[in-house]
Amino acid sequence: MIASANNAAASAVKSLRVKALLDEVPKTYIASKVGLNRMTVGKHLKSDDISLSEFIKTAIALNANPAQVLAEAIESTQAKEKASAATDAEIK
């Protein structure tokens, strides 16, 4: 259960990282909106986990709905786990 939560958190942060890259949003812009320096924003976007408040602020800075980003990450993680369990069952 905890591994699933960690995977979902990592997926949600990755979604924000990808959105920032695809939309070409400068880290300095995100940093000004989140209240952190550019280097810290870069470090957080490269990590698998950030605080909830920073996640929400970053999502809003990227014009993304934080609840939707998280919901999609959870759904994706659950789908991958089901597929993995089905594969494991077939192997046995």
Side-chain angles (χ1 to χ4, degrees):
M1 193 67 148
I2 290 189
S4 178
N6 289 342
N7 290 339
S11 178
V13 174
K14 181 180 179 183
S15 292
L16 293 182
R17 178 174 55 246
V18 168
K19 181 161 180 49
L21 290 170
L22 291 177
D23 293 350
E24 298 179 356
V25 179
K27 289 179 191 137
T28 52
Y29 174 80
I30 298 169
S32 70
K33 296 293 185 184
V34 176
L36 299 170
N37 69 46
R38 179 188 59 79
M39 292 176 64
T40 303
V41 167
K43 179 181 171 185
H44 286 171
L45 289 176
K46 288 180 184 175
S47 74
D48 288 342
D49 198 12
I50 60 176
S51 74
L52 180 58
S53 62
E54 290 170 0
F55 174 82
I56 292 170
K57 290 176 190 176
T58 302
I60 291 169
L62 295 170
N63 293 318
N65 179 329
Q68 183 177 358
V69 172
L70 189 54
E72 290 171 0
I74 291 168
E75 288 175 14
S76 174
T77 299
Q78 289 173 340
K80 288 177 185 174
E81 289 173 352
K82 285 180 184 177
S84 178
T87 301
D88 290 345
E90 288 177 11
I91 293 172
K92 291 179 182 179

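Here, residue 1 is the first one in the sequence, and each next residue gets the next number.
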Within the distance-only criterion (no hydrogens, no angle test), does the side chain of Asn37 pair as donor or acceptor with the backbone N or O of Met39 below 3.5 angstrom?
yes

Transitive ILVMFWY side-chain link Ile56 to Tyr29, under 4.5 Å
yes

Common cluster, Ile60/Ile50, ILVMFWY with side-chain heavy-atom separation under 4.5 Å:
yes

Looking only at heavy atoms, what is the nearest atom pair of [X] and [Y], with distance?
X: Ala8; Y: Thr77; value: CA-OG1, 3.4 Å
X: Ser47; Y: Arg17; value: O-NH1, 3.7 Å
X: Pro66; Y: Phe55; value: O-CE2, 3.6 Å

Spacing of [atom1] belonging to [X] relative to [atom2] belonging to [Y], to within rounding of 0.5 Å:
X: Lys33; Y: Thr28; atom1: NZ; atom2: OG1; value: 11.5 Å
X: Glu81; Y: Asn7; atom1: CD; atom2: CG; value: 6.0 Å
X: Ser11; Y: Glu75; atom1: OG; atom2: CD; value: 10.5 Å
X: Glu72; Y: Ser15; atom1: CD; atom2: OG; value: 7.0 Å

[X] versus [Y]: any side-chain heavy-atom pair under 4.5 Å?
X: Val13; Y: Asp48; answer: no
X: Lys19; Y: Val69; answer: no
X: Leu36; Y: His44; answer: yes
X: Leu62; Y: Leu16; answer: yes
X: Leu45; Y: Ile30; answer: yes

According to side-chain contact (heavy atoms from CB on, under 4.5 Å), who are the partners of Lys57, at least two apart in sequence or on a separate chain?
Val34

